[in-house]
Amino acid sequence: MLQQFNISAFQQDLLRWYETSKRNLPWRKDQDPYKIWVSEIMLQQTKVDTVVPYFERFMNQFPTVYDLADANEQEVLKVWEGLGYYSRARNLQNAVREVVATYNGEIPSSPDQLGALKGVGPYTKGAILSIAFNQPEPAVDGNVMRVLSRVLKIEEDIAIPRVKKLFESYVKELISKEDPSSFNQGIMELGALVCTPKSPSCMLCPVQEYCKAFAEGIEEELPIKSKSKKQKTVPYVALLICNNHNQYIIEKRSEKGLLANLWQFPMVPINEIGMDHLENWFESEYGVSITLNRKQGNLKHVFSHIIWQLEIYEARTNQQEVNDDRLKMVDQETMDTFPFPVSHQKMMKYIG
DNA sequence: AAGTCGGGGAT
DNA sequence: ATCCCAGACTT
């Protein structure tokens with residue numbers, strides 16, 4: 001497939017550039033498979049700069065697989081708070097417990113065993129195998145598809161799973177057998193620093209001479225990617241319910257779905273319930289009698305596939321305790337120990 | 001193949 | 001506003 005392409009020269013130019021240009025990142029200090037694993041999970045759909053402080057805190061709190069396996073899920077979610085895609089954290093802990101139980105705490109270096117772990121998909125499997133275990137396995141992420149779609153001028157839709165497999169087959173041919181770790185990280189680093197989505201720095205590119213897209217002046221047109229449809233807006237009334245001891249009602253979200261097992265202030269889907277029936281509905285749903293008070297403001301929160309439009313209301317209750325399993329009455333200091341999504345962290349600013 | 005699952009930064 | 005980020009899982 002790669003006729004008239006000087007693979008070994010390409011490898012050499014890429015590896016030389018990576019050696020001198022790579023960023024100093026906390027998971028690059030050694031080849032600890034656990035650190036590589038944690039970093040790769042955090043880096044899914046997340047930029048390096050965002051991940052670094054989370055990675056430092058996470059490794060500080062859970063230095064080994066045993067520490068993570070022994071932790072409460074809520075502790076793990078609290079460290080993950082604000083990073084998003086929280087199932088990553090839950091799957092990671094699930095998988096680490098599997099490693100402790102089944103593999104005596106040793107992260108497996110076999111592709112099948114690694115890929116069977118929860119949350120370890122094709123990309124992460126290849127990343128761990130190549131970076132931690134020096135195996136020449138492809139690790140195709142968005143960076144790799146962007147770089148190679150330009151270098152090789154691949155004009156197929158990268159959103160199609162079949163096309164991603166095509167890129168994996170190309171990487172299998174291209175990857176350095178001597179240093180698969182630096183090769184995979186080098187392409188990704190190139191995509192992050194030079195071969196960027198918009199206005200790539202082709203003049204600084206170490207593999208410019210191999211790039212078909214640059215030769216034809218179409219680097220800005222690649223990769224081809226079909227557009228995702230826009231999100232739907234869902235309106236809620238979100239309630240800051242306070243009793244006369246300055247305690248607030250918080251609610252644990254479902255163990256499945258969006259923001260699973262995180263905490264929030266109670267939210268009422270207002271289109272379904274109606275403002276007039278809000279207090280009655282809340283009483284019948286949660287067994288808590290409340291009185292709606294002043295509106296405190298609006299908050300719009302954008303997710304990948306939906307948009308929350310939150311109307312924030314203050315409310316009062318005379319109860320000192322709650323019976324519903326989902327609910328807790330807590331003061332502000334205690335509230336800080338629970339994992340909240342960012343939208344509800346912003347709501348806390350309306351307290352007091 | 002399409003939908004679900006966060007949040008932030010760059011443009 | 002739109003895109004996209006070191007993607008995986010479910011249906």
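Below, chain A is the first sequence line, B the second, and so on; all start at residue 1.
- Taking atom CG of residue A:L258 and atom C1' of nucleotide B:dG7, one finds them 12 Å apart after rounding to whole Å.
- Rounded to whole Å, the distance from OH on A:Y54 to C1' on B:dG6 is 10 Å.
- When each of A:H301 and A:P161 is assigned the nucleotide of DNA chain B bearing its nearest heavy atom, the one mapping closer to the 5' terminus is A:P161.
- Distance A:L259 CG to B:dC5 P: 9 Å, rounded to the nearest Å.
- To the nearest angstrom, C1' of B:dG6 lies 14 Å from CE of A:M42.
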### Query
Nucleotide by nucleotide, 5' to 3', does protein get under 4.0 Å of the base (B), only the sugar-phosphate (S), or neither (-) in nucleotides 2-11 of chain C, counting heavy atoms?
-SSBBBSS--
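- C:dC4 and B:dC5 have their P atoms separated by 22 Å, with the value rounded to a whole Å.
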### Task
List the steps and the verdict of side chain to side chain contact (heavy atoms under 4.5 Å, CB included) for A:W27 and A:V52.
CA-CA 9 Å; A:W27 49 88; A:V52 169; 4.0 Å; yes
### Query
After noting the C-alpha distance and the side-chain angles of A:K153 and A:E219, does the key distance pass the salt bridge (charged side-chain N to carboxylate O under 4.0 Å, His left out) rule?
CA-CA 9 Å; A:K153 190 187 171 188; A:E219 66 273 11; over 6 Å; no
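- Considering A:I241, A:N243, A:D324 as possible partners of A:I249, the one that fulfils the side chain to side chain contact (heavy atoms under 4.5 Å, CB included) test is A:I241.
- Atom P of nucleotide B:dG8 and atom NZ of A:K300 are separated by 15 Å, given to the nearest angstrom.
- Between the side chain of A:D179 and the main chain of A:S182, a donor-acceptor pair closer than 3.5 Å is present.
- As rounded to the nearest Å, C:dA6 and B:dT11 have P atoms that lie 14 Å from one another.
- Remark: A:R88 is not positioned above the aromatic ring of A:Y85, lacking an NZ or CZ atom under 6.0 angstrom from the ring centre and at most 45 degrees off the axis.
- A sub-4.0 Å separation between OP1 or OP2 of B:dT4 and a side-chain N or O of A:H305 is absent.
- Side-chain atoms of A:R150 come within 3.5 Å of backbone N or O of A:L222 as a donor-acceptor pair.
- Comparing the same atom, P, in C:dC9 and in B:dG8 gives a spacing of 24 Å after rounding to whole Å.
- Atom CD in A:E81 sits about 13 Å away from atom C1' in B:dG6, given to the nearest Å.
- Rounded to a whole angstrom, the distance from the P atom of B:dG6 to that of C:dT11 is 16 Å.
- Checking A:S199 against A:F340, the closest nucleotide of DNA chain B that is more toward the 5' end is the one next to A:F340.
- Atom CG of A:N261 and atom P of B:dC5 are 13 Å apart (whole Å).
- In this structure, CG of A:L83 is placed 12 Å from P of B:dG9, rounded to the nearest angstrom.
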Would you list the atom pairs, donor with acceptor, under 3.5 Å between side chains in residues 252-269 of chain A and any protein atom, with sequence neighbours excluded?
| unit_1 | atom_1 | unit_2 | atom_2 | d |
| --- | --- | --- | --- | --- |
| A:R253 | NE | A:L258 | O | 3.0 |
| A:R253 | NH1 | A:Q264 | OE1 | 2.8 |
| A:R253 | NH2 | A:L258 | O | 3.0 |
| A:S254 | OG | A:K256 | N | 3.0 |
| A:S254 | OG | A:K256 | O | 3.1 |
| A:N261 | ND2 | A:E73 | OE2 | 2.6 |
| A:W263 | NE1 | A:Q74 | OE1 | 3.0 |
| A:Q264 | NE2 | A:E251 | OE1 | 3.4 |

